[in-house]
Amino acid sequence: MLDVRLLAQPFNPGAFVGPFTNAHPGLGGVCTFVGEVRGGGGVEALELSHYEPLTLPGMQALAETASSRFGLMGMLMLHRVGKMYPGEPIVCVSAAAEHRRAAIDAVDFAMDHLKSDSWFWKRELRGGVWSWIEPRDQDHADLRRWG
Amino acid sequence: MLDVRLLAQPFNPGAFVGPFTNAHPGLGGVCTFVGEVRGGGGVEALELSHYEPLTLPGMQALAETASSRFGLMGMLMLHRVGKMYPGEPIVCVSAAAEHRRAAIDAVDFAMDHLKSDSWFWKRELRGGVWSWIEPRDQDHADLRRWG
Amino acid sequence: MAKLVFLGRLADLAGAAEREVAPGTLEAILADLPVELAVALLDEKVRIARNGELLINPGSIMVAAGDEIAFLPPVSGG
Amino acid sequence: MAKLVFLGRLADLAGAAEREVAPGTLEAILADLPVELAVALLDEKVRIARNGELLINPGSIMVAAGDEIAFLPPVSGG
């Protein structure tokens, strides 16, 4: 089962991961990554914008790629958009598989692609001033790991 | 925070992962792996035995090693013992870190070591007959990944 | 009319997330925009999509009435 | 008395998870056990712990009253 969503409001990852896990009887393992907004360096808020016609279809395609590449039973992929605050979950990716290596690798793969190859633009509020976050070289290095 | 436990009764991973996450304000990400008892191949039940003076101290040492190797903010490590049934969680490892790669790698590392280098002995019930599960070559290959 | 959509920092530069324009060639549409904005939109790192489809070679397209042309700067990453 | 603890399949072979024995050298204690069990306990893959400490060279140890000697076959893995 692929469950891919953009969420405009704060969410509780456990409320999605529990039902996702239960939807796959016979699984061997579930790996989940939850990213939160970091508050370090004086960040007061983060705003994510997306482009409706590309962002969700792109995530759906990524979930399908990860699912077939790693032979998953299912993948859950949730991403916040809009304005959010330190400590709030921003992304949650879960992979259900028969074997743990597939589940862990699929989450690693999906996170690398979500972070650097998905249609999201982020800006941060520091000291009352919004500024856009530019791409990082590390992201391209992360992607190259997957050939 | 290191939270390492042996559990003799069925458990709900979310009930541990939620509070574990909340105990680390400022984290960037949490990676969690939950393994369940697989019911394939006619397995009716699984029984895990452990040796009290070695098993829990060994897990504690593993959590400390993973935590310092990957610079974690915390690690949660839960393992069932006793008799369990297909679909029940058998292991749950969570790593909280500032950056996602550390969290994901720490879970991968901890699972490889928990599975093949910890003091647990498993037997399976199939067709009313219990039989011990022997070590697998794959486990040693998994461990060699970490040098 | 057609619609231009500006993502990320391009929206700041354009002063709005969207802008209505008359149909025509993309070249002509850009020529009517403030120069600084037009230059930013033509940056080689900015991808262009028409009606949700990324364009491989957007330079010479015709923008029809009802089209939505999106300008997508590099995503923010990690 | 001292206590022997058998883990995993060794408990099946011993017919019990634990066994009380008189103190003495490990060699003498094993010699009093059923031969098949003694052979299995001496398998090079079986680790031996005294009072929760793994022994590097258990061959010649003295087992004192109150000691707990555990026999640990290879763990099950994956």
Side-chain angles (χ1 to χ4, degrees), chain B residues 6 33 35-38 40-41 43 45-62 79-84 90-91 93 108 110-125 129-145, chain D residues 1-21 23 26 29-30 33-59 61-78:
Chain B
L6 290 172
F33 179 83
E36 295 190 356
V37 179
R38 269 195 298 273
V43 172
L46 187 69
E47 189 175 42
L48 254 81
S49 45
H50 69 294
Y51 181 54
E52 187 77 38
L54 289 179
T55 308
L56 192 60
M59 288 169 62
Q60 183 77 35
L62 172 57
H79 211 296
R80 270 295 307 278
V81 293
K83 199 179 292 184
M84 59 208 86
I90 177 171
V91 61
V93 171
D108 197 13
M111 283 303 309
D112 276 356
H113 287 77
L114 255 185
K115 282 290 192 170
S116 51
D117 200 23
S118 294
W119 297 107
F120 292 107
W121 298 269
K122 293 182 202 166
R123 52 178 202 160
E124 286 178 341
L125 184 65
V129 179
W130 285 104
S131 53
W132 292 99
I133 301 175
E134 299 297 326
R136 305 178 315 153
D137 288 342
Q138 181 59 39
D139 296 324
H140 300 293
D142 287 345
L143 279 189
R144 279 195 301 271
R145 299 165 65 220
Chain D
M1 299 296 280
K3 182 160 70 173
L4 306 186
V5 178
F6 309 111
L7 279 304
R9 61 183 171 73
L10 296 175
D12 289 355
L13 210 55
E18 300 182 359
R19 183 176 187 135
E20 295 277 312
V21 295
L26 185 57
I29 290 171
L30 292 177
L33 297 178
V35 170
E36 193 195 3
L37 176 59
V39 167
L41 297 180
L42 287 169
D43 184 298
E44 62 175 1
K45 289 183 184 154
V46 172
R47 302 293 305 273
I48 300 178
R50 172 162 57 181
N51 302 327
E53 298 283 339
L54 288 167
L55 299 174
I56 305 299
N57 184 11
I61 65 162
M62 276 295 300
V63 178
D67 275 359
E68 174 168 306
I69 307 295
F71 296 90
L72 312 146
V75 296
S76 300

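Letters A, B, ... are given to chains in the order of the sequence lines, protein chains preceding strands, and every chain is numbered from 1.
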Check each atom of B:Trp119 against the heavy atoms of chain D and say whether the ones under 4.5 Å are side chain, backbone, both or neither.
->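 Interface part for B:Trp119: both.
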Which atoms of B:Ile133 come close to chain D, meaning under 4.5 Å heavy atom to heavy atom: side chain ones, backbone ones, both, or neither?
->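 When you check distances to chain D, atoms from both the backbone and side chain of B:Ile133 fall under 4.5 Å.
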Should B:Asp142 and B:Lys115 count as an ion pair when the cut-off is N to O under 4.0 Å?
->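 Salt bridge between B:Asp142 and B:Lys115, a charged N being under 4.0 Å from a carboxylate O: no.
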So, taking the atom named [atom1] in [X] and the one named [atom2] in [Y], what distance separates them when rounded to the nearest 0.5 Å?
X	Y	atom1	atom2	result
B:Asp112	B:Asp117	CG	CG	10.0 Å
B:Leu6	B:His79	CG	NE2	8.5 Å
B:Leu46	B:Glu36	CG	CD	12.5 Å

Interface residue of largest heavy-atom contact number with chain D, from B:Ser118, B:Gly35, B:Pro57, B:Ser49, under 4.5 Å |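 Result: the option with the highest number of such pairs is B:Ser118.
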Enclosure of D:Glu53 CD (heavy-atom neighbours >12, cutoff 6.0 Å) |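 No - once you tally the heavy atoms of other residues, nucleotides and ligands closer than 6.0 Å, there are 12 at most.
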Count the heavy atoms belonging to other residues, nucleotides or ligands that lie under 6.0 Å from CD of D:Glu20, then report whether that count exceeds 12.
->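 Yes, enclosed.
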Residues in residues 3-12 of chain D near chain B [non-hydrogen atoms, under 4.5 Å] |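 Within residues 3-12 of chain D, near chain B: D:Val5, D:Leu7, D:Gly8, D:Arg9, D:Asp12.
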Looking only at atom types and distance, does a side-chain atom of B:Trp132 sit under 3.5 Å from a main-chain N or O of B:Trp121, one as donor and one as acceptor?
->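 No; zero donor-acceptor contacts below 3.5 Å.
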